[in-house]
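Down below is the structure, laid out as structure tokens.
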Amino acid sequence: MMTLFDTHAHYDSRQFDCDRDAVLSVLPEQGVALVVNPGCDLLSSCKAVELAQRYPFVYAAVGVHPEDCADWEDGCLLELRALAANRKVRAIGEIGLDYYWKENPPRALQQNVFRRQMELAQSLRLPVIVHDREAHQDCLSIVREHPQVTGVYHCYSGSLEDAKVLVKLGWMLSFTGVITYKNARKALEVIDWLPMDRIMIETDSPYLTPEPFRGKRNDSGYVHLVAEAIAQVKGVPPEEVAAVTLENGQRFFGIS
Ligand code: NI
């Protein structure tokens, strides 16, 4: 059995309210050695920290997601800072920009909230977990404004050209079950080029369930399907992808 690191899963989500502990408690038996649960707002960041305290193999990130930043005030930084003092918090996230949904908060607000949290990460010397949907150019320019902050682009959906820039800046790229979907050609091209030491895998549970289970609720038990899809592109055994991405994730999040 492979040993896997799901670097991005939302177990604080309401979709796990009915069976959260049942799902989490069997993950080690399913080969999932580590999970990072990022927050999406203050409440979900609190819940992420609580889960990390309850499960030895769960770590947390705290942050305000661009889709959830409408109520942002700079006082949120103090609360995030307090949460980040917990020893199981290993990143600020998920943060970034999302221009996909029309009803999302205004772009200028998203950009401000993203910048404030990049500064927070810099002052706490923590990496960031970035969400970039249909905002590639603005996202990359805010990343470039903070050369001392390193991070991961989660569910990478950008171009090969941008991937090359990010790798040069020392960033990681992470991939979800989306790479098992029919329209994944662009992401597979990126993976084909990407050095193995820059790849992380994730489920983004409860969303983005890999094929052939697309449509069902996702959980970390499916993360091996992401490793297998990467293995196919790279022409290496899935065990190798599992081992390297585990090591990459441990290095990135500072987990020994
Ligand atoms: Ni997410």
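First listed ligand is number 1; within each ligand, the first listed atom is number 1.
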(message) Would you say the Ni ion (ligand 1) has His8 as a near neighbour, meaning an N/O/S atom of that residue under 2.8 Å away?
(response) yes
(message) Between Cys40 and the Ni ion (ligand 1), is there a contact where an N/O/S atom of the residue lies under 2.8 Å from the metal?
(response) no
(request) Run through Asn112, Val149, Ile95 and flag the one making a side-chain contact (heavy atoms from CB on, under 4.5 Å) with Gln117. (result) Ile95
(message) Please find the pair of heavy atoms, one from Leu51 and one from Asn37, that lie closest to each other, and give the distance.
(response) CD1-ND2, 3.6 Å
(message) Report the atom name of the nearest N/O/S atom of Asp204 relative to the Ni ion (ligand 1).
(response) OD1
(request) Go through the steps to decide whether Cys139 and Val130 satisfy the test side chain to side chain contact (heavy atoms under 4.5 Å, CB included), and finish with yes or no. (result) CA-CA 9 Å; Cys139 209; Val130 165; 3.7 Å; yes
(message) Quick one about Tyr222 and Lys216 (side-chain donor to acceptor, distance below 3.5 Å, no hydrogens or angles considered), yes or no?
(response) yes
(request) Identify, by name, the N, O or S atom of Glu94 lying closest to the Ni ion (ligand 1). (result) OE2
